[in-house]
Number of protein chains: 2
Amino acid sequence: MYTEHRSGCPINLSLEVFGDRWSLIILRDMIFGGRRHFRELLNGSIEGIASNILADRLKRLMELGLLTKADDPSHKQKAIYSLTEMAITLVPIMAHLGAWGRVWLPVSEELSIRAELLEKGGPPLWEQFMDELRHEHLGAPIKAPPGTPGVRQQLQAAYEAVVARKAEAATA
Amino acid sequence: MYTEHRSGCPINLSLEVFGDRWSLIILRDMIFGGRRHFRELLNGSIEGIASNILADRLKRLMELGLLTKADDPSHKQKAIYSLTEMAITLVPIMAHLGAWGRVWLPVSEELSIRAELLEKGGPPLWEQFMDELRHEHLGAPIKAPPGTPGVRQQLQAAYEAVVARKAEAATA
DNA sequence: GCAACTGATTGCGAAATGCAATCGGATTGA
DNA sequence: TCAATCCGATTGCATTTCGCAATCAGTTGC
């Protein structure tokens, strides 16, 4: 573990955790993309992370307590990465970051639809999403009533709808 | 300006803005510390930023539209840095980051009291604070009724109270 | 004049980044 | 059986960025 800190300021300490170009991207792909394996993170990343950087960040995020690693029973060589509660509670920060980026930065429509829905859903939606993540990653019992559509599925469906609409508009 | 982006994802684009160890620290010192000059930022930083890094980040934050620079009428060589609306709207993100850090990271009591108050105050307090910043940095009319104590003063007073209490406890 | 202060800039070693190739073991398909 | 593929990494290397110290020229106060 890292014990040398620049200061005890909470913003500074948070920055020491994700003050780099890749850590939050990995967590984003795990949270919103549902990725759990090394290769999924490596090949699924639209930003194109390098394998050595990914390996280094996964290790670092484990040391920091944001991820855990377990063997995949279906494949002796496969490792499953799980979010910890510490990482799951980043959902509101992700939502705010996405909302801020959507206002001020040149976001693409299909990649910002998730941020838009998350912003409109507000804290209740974030809570539901965090519950889902606790279920998937920590084995916690799910609180939502049966039949409730998953937040990730909703976001993914909205993303795919935008992609489909844009594809149609391009060929029309 | 930077026009090459890794992706149009709002979280990625936000990360391209402050995905480094210093940019947010500088904004933090301007927002919560009220610092406006190069030397104030350089010498007041508890994390100890180097002057070349500070110069580089100030330039970058200006190019990105988060800061503006103006001449200080009191000193021909002095520059005053101002936050733009884009930077002022980071206050909720700062508040969330601080709250998250306070829960999960080894924060010091005196440096996290501000985050605690900001968290307890919630969105209404953040709005009041952003109004103050708009007044200070953008010349906007202040909305709060006269006599309302400033948010920054409240935070600063709370910080000093903790420092004083700890100093007293140490000598007792 | 001159020291202190202003916002920077330069030089340089250390560290991080990004890319490509590779590793040994596990699994899959023919 | 055996080659192809997939698994989570690791290594080597060139480029870029970082961070520290020293320094700069112009401005101000005395």
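Within every chain, numbering begins at 1; the chains are lettered A, B, ... in the order of the sequence lines, protein sequences first and strands thereafter. Both backbone and side-chain heavy atoms feed into the values below; hydrogens, waters and symmetry mates do not.
Between B:Asp71 and B:Lys76, the closest side-chain pair of non-hydrogen atoms is not below 4.5 Å. Side chains of A:Glu136 and A:Ser82 form no contact here, defined as non-hydrogen atoms less than 4.5 Å apart.
Each of A:Ile49 and B:Ala55 was assigned the nucleotide of DNA chain C with the nearest heavy atom; the assignment lying further toward the 5' end belongs to B:Ala55.
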task = Show your working on side chain to side chain donor-acceptor pair (under 3.5 Å) between A:Thr89 and B:Trp100 and close with a plain yes or no.
result = CA-CA 8 Å; A:Thr89 52; B:Trp100 186 86; 3.2 Å; yes
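Taking the six-membered ring where the residue is Trp, the centroids of B:Phe18 and A:Phe18 are separated by 6.0 Å or more. Taking the six-membered ring for Trp and the full ring otherwise, the centers of A:Phe32 and A:Phe129 sit less than 6.0 Å from each other.
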task = Could you encode protein contacts along nucleotides 23-30 of chain D as a string, one character per nucleotide from 5' to 3', using B for base contact, S for sugar-phosphate-only contact and - for no contact, with a heavy-atom cut-off of under 4.0 Å?
result = --BBSS--
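The A:Asn52 side chain lies nearest to D:dT10 when the options are D:dG8, D:dT10, C:dT10.
Here A:Trp22 does not reach the OP1 or OP2 of C:dA16: none of its side-chain N or O atoms lies under 4.0 Å away.
Note: B:His96 and B:Trp126 have perpendicular aromatic rings, judged against thresholds of 30 and 60 degrees for the angle between ring planes.
Residue A:Asp72 contributes atom CG, which lies 9 Å from atom P of D:dG8 at whole-angstrom precision.
Across all strands shown, B:Lys59 has no heavy atoms under 4.0 Å from either base or sugar-phosphate atoms.
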